[in-house]
Amino acid sequence: QVQLVESGGGLVQAGGSLTLSCAASGSIFNINTMGWYRQAPGKQRELVANIARSSGSTNYADSVKGRFTISRDSTKNTLYLQMNGLKPEDTAVYYCNINLRTTYFSSWSDYWGQGTQVTVSS
């Protein structure tokens, strides 16, 4: 079993900052990529940012480039999302996603956190 526990969401005024965290635990053999997605009401879930666990290379949605920073602590299997300059359109439920293997012989699979609400007031 793999568990992803997210924290750090909340209510913030436009222009403010929040940091999201996602701690992975359980039967983790190897991690491929780690990322953050978000889903606003009435919209599809979208990629916010992801990071390759080994190389650290990152990828961001155009809407958050220059404002959000994704990072990871490989020793703790923990993922972070530093969000600065928040806008009302950033309001959504944010989900942590990790692509990993639970054993050497298993296939790569996606695991999701429970989601954390981020609300940005204007």
Side-chain angles (χ1 to χ4, degrees):
Q1 283 283 40
V2 175
Q3 297 83 37
L4 304 185
V5 178
E6 302 171 13
S7 61
L11 173 64
V12 65
Q13 288 188 334
S17 299
L18 283 174
T19 301
L20 305 183
S21 300
C22 173
S25 62
S27 301
I28 299 171
F29 177 76
N30 197 5
I31 291 176
N32 182 17
T33 59
M34 310 170 81
W36 291 97
Y37 288 72
R38 67 186 181 187
Q39 187 166 19
K43 294 187 177 181
Q44 290 193 340
R45 190 173 298 189
E46 62 175 0
L47 174 69
V48 176
N50 60 17
I51 183 168
R53 196 244 186 194
S54 57
S55 69
S57 62
T58 58
N59 178 47
Y60 293 91
D62 288 342
S63 59
V64 306
K65 282 181 181 177
R67 299 188 298 123
F68 291 10
T69 302
I70 190 171
S71 61
R72 85 272 188 249
D73 183 338
S74 298
T75 63
K76 299 179 181 179
N77 287 336
T78 301
L79 180 67
Y80 304 96
L81 185 68
Q82 174 67 43
M83 303 184 293
N84 298 326
L86 282 161
K87 304 175 181 180
E89 51 263 44
D90 294 318
T91 296
V93 178
Y94 284 70
Y95 296 92
C96 169
N97 169 271
I98 299 182
N99 184 258
L100 59 85
R101 293 188 296 177
T102 55
T103 71
Y104 178 81
F105 300 101
S106 64
S107 58
W108 296 99
S109 298
D110 283 319
Y111 291 82
W112 294 88
Q114 78 283 3
T116 185
Q117 177 69 46
V118 171
T119 303
V120 184
S121 63
S122 56

State the [atom1]-[atom2] distance between [X] and [Y], to the nearest 0.5 angstrom.
X: Ile70; Y: Met83; atom1: CD1; atom2: CE; value: 11.5 Å
X: Gln3; Y: Ser25; atom1: CD; atom2: OG; value: 4.5 Å
X: Leu47; Y: Arg45; atom1: CG; atom2: CZ; value: 11.5 Å
X: Ile98; Y: Thr33; atom1: CD1; atom2: OG1; value: 9.0 Å
X: Ser74; Y: Ile51; atom1: OG; atom2: CD1; value: 7.5 Å

Least distance between heavy atoms, [X] atom then [Y] atom:
X: Gln117; Y: Thr119; answer: NE2-OG1, 3.3 Å
X: Ile31; Y: Ile28; answer: CG1-CG2, 3.7 Å
X: Ala14; Y: Pro88; answer: CB-CD, 4.2 Å

Using a 3.5 Å distance criterion without hydrogens, assess whether the side chain of [X] forms a donor-acceptor pair with backbone atoms of [Y].
X: Ser57; Y: Ser55; value: no
X: Thr19; Y: Gln82; value: no
X: Arg53; Y: Met34; value: no
X: Glu6; Y: Gly115; value: yes

Report task. For side chain to side chain contact (heavy atoms under 4.5 Å, CB included), just list the numbers for Asn77 and Arg72, CA-CA rounded to whole Å, side-chain angles, deciding distance to a tenth of an Å, and then say yes or no. Result -> CA-CA 7 Å; Asn77 287 336; Arg72 85 272 188 249; over 6 Å; no
Joint cluster assignment, [X] & [Y], ILVMFWY side-chain distance < 4.5 Å:
X: Tyr60; Y: Val120; answer: yes
X: Tyr37; Y: Leu18; answer: no
X: Tyr80; Y: Leu4; answer: no
X: Leu20; Y: Trp112; answer: no

Query raised in the report: Which residues satisfy the ring-ring contact (aromatic ring centres under 6.0 Å, His included) test with Tyr111, sequence neighbours excluded?
Result: none
Query - Partners passing ring-ring contact (aromatic ring centres under 6.0 Å, His included) against Trp108 (at least two apart in sequence or in another chain) - result: none
Query - Sole candidate of Leu81, Val64, Asn50 that passes side-chain contact (heavy atoms from CB on, under 4.5 Å) when paired with Trp36 - result: Leu81
Requested in this report: Run the salt-bridge test on Lys87 and Asp90 with the 4.0 Å N-O cut-off and return the result as yes or no.
Outcome: no
Requested in this report: Go through Arg38 and Glu46 one step at a time and tell me if the side chain to side chain contact (heavy atoms under 4.5 Å, CB included) criterion holds.
Outcome: CA-CA 5 Å; Arg38 67 186 181 187; Glu46 62 175 0; 2.7 Å; yes
Report task. Indicate the ring-plane relationship of Phe68 and Tyr94, choosing parallel, tilted or perpendicular according to the 30° and 60° boundaries. Result -> tilted
Requested in this report: Take Thr102 and Leu100 through the test side chain to side chain contact (heavy atoms under 4.5 Å, CB included) and record every step on the way to the result.
Outcome: CA-CA 7 Å; Thr102 55; Leu100 59 85; 3.9 Å; yes
